[in-house]
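Right, one structure below, let's go through it.
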Number of protein chains: 2
Amino acid sequence: MTLSLTSDQADGETSSCCTPQPGTPALDAEAAVELAARLKALADPNRLTLLALVAADARGEACVCDLTGPLDLGQPTVSHHLKILVDAGLLTREKRGVWSYYAVVDGALESIAHAVGHGIVPPHPNSPLEPA
Amino acid sequence: MTLSLTSDQADGETSSCCTPQPGTPALDAEAAVELAARLKALADPNRLTLLALVAADARGEACVCDLTGPLDLGQPTVSHHLKILVDAGLLTREKRGVWSYYAVVDGALESIAHAVGHGIVPPHPNSPLEPA
DNA sequence: CACCGACATTGACATTCTTCGATGCCCCTG
DNA sequence: CAGGGGCATCGAAGAATGTCAATGTCGGTG
């Protein structure tokens with residue numbers, strides 16, 4: 001909303017470069033916000049390392065004490081990042097006894113990858129971009 | 001470097017949950033920083049919309065004046081976001097005459113998508129996570 | 001040659017994010 | 001039932017980010 005399209009210029013027969021083609025926008029505003037939120041959860045070196053560490057575990061899961069060491073971060077900070085990843089739907093948290101085990105949600109990363117690879121710039125069959 | 005793996009705990013025969021398996025980390029620290037930087041360039045609704053707008057143009061390119069309208073942002077802000085995208089290798093800038101034309105770098109988004117989909121949690125053939 | 005328009009850059013401000021120290025909660029052990 | 005350890009939450013400090021107003025630069029126009 002609040003997209004008012006203030007057309008106070010670039011309007012008419014002028015030889016401006018402005019000839020926007022809003023034919024098939026591959027990404028509406030709402031989808032952009034949603035995808036950006038998921039990407040923002042990924043856009044951090046420590047969180048990427050957390051995901052890789054959890055996935056690299058032979059059991060497919062890891063507890064917090066496994067992750068504070070390699071990351072060289074405090075325990076509250078690791079917990080904070082894990083919460084962000086859980087909230088983004090990338091990790092699951094299962095509390096068994098005293099420890100919390102985190103596991104990678106299979107398919108979540110692929111979903112984001114698909115959105116990045118095909119949801120922003122879909123291939124359209126009428127523009128030879130690379131004449132080479 | 002500087003990963004000293006301070007083993008002052010989680011070491012030995014204790015029944016701790018901590019049994020990290022640093023066998024094949026799919027993402028080292030340097031790669032994590034690099035991938036996070038590229039994702040950070042994408043993790044913004046306005047920048048995603050910019051990419052979609054540029055790609056949606058029939059000519060495969062667009063100038064700044066085409067983009068300030070739909071985004072409901074000021075021209076300096078749009079220029080700022082475009083610079084971030086160019087700097088991240090996602091867009092190219094070509095100045096023809098007075099106008100600057102931006103085009104999507106073909107393959108860049110796919111590269112990021114591949115890293116997200118296969119560079120963090122690579123499929124390993126000994127854990128039937130999804131029996132479906 | 002003077003003017004205007006398109007775009008980039010600068011500086012400043014508000015918001016958000018990252019990190020840490022301190023604390024609270026819960027479960028297990030003695 | 002008292003004690004300890006693992007983990008989440010709270011509050012705050014510092015840094016990074018998004019946005020805008022103002023200005024500078026460059027190319028085309030009258």
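The structure displayed is predicted, hence computed values, not measured ones. What you see below is based on every heavy atom in this structure, not just the backbone, and it leaves out hydrogens, waters and symmetry mates. Just so we're on the same page: letters track the sequence lines, and every chain starts at 1.
A side chain to side chain contact (heavy atoms under 4.5 Å, CB included) with B/Leu50 holds for exactly one of B/Leu85, B/Ile84, B/Val104; it is B/Leu85.
Minimum heavy-atom separation, A/Val54 to A/Tyr102: CG1-O, 3.2 Å.
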message: Within the 4.0 Å limit for protein heavy atoms, which parts of nucleotides 17-23 of chain D are touched? Write it as a string from 5' to 3', B for base, S for sugar-phosphate only, - for none.
response: SSBBBB-

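Remark: P of D/dG6 and CZ of A/Arg96 are 16 Å apart, rounded to the nearest angstrom. The OH-P distance, from A/Tyr102 to D/dG6, rounds to 15 Å in whole Å. The nearest whole Å value for the distance from the CH2 atom in B/Trp99 to the P atom in D/dC26 is 19 Å. Here D/dG5 presents its C1' atom at 12 Å from NZ of A/Lys95, a figure rounded to the nearest Å.
Within the 4.5 Å cutoff, side-chain heavy atoms of A/Val64 are placed close to those of A/Thr68.
Look at A/Arg93 and A/Asp87 and you find no salt bridge, because none of the NZ, NE, NH1 or NH2 atoms lies under 4.0 Å from a carboxylate O.
The side chain to side chain contact (heavy atoms under 4.5 Å, CB included) test applied to A/Glu110 returns no partner, not counting sequence neighbours.
If you check every strand for non-hydrogen atoms under 4.0 Å, B/Arg93 touches sugar and phosphate atoms only. Across all strands shown, A/Lys83 has heavy atoms under 4.0 Å from sugar-phosphate atoms exclusively, and none from any base.
Checking D/dC7, C/dC7, D/dG28 against the side-chain heavy atoms of B/Cys65 singles out C/dC7 as nearest.
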For residues 31-45 of chain A, please give each side-chain donor-acceptor pair under 3.5 Å, one per line with the distance, not counting sequence neighbours.
| from | atom 1 | to | atom 2 | distance (Å) |
| --- | --- | --- | --- | --- |
| A/Arg38 | NH1 | A/Ser111 | OG | 3.2 |
| A/Asp44 | OD1 | A/Asn46 | N | 2.9 |
| A/Asp44 | OD1 | A/Arg47 | N | 3.2 |

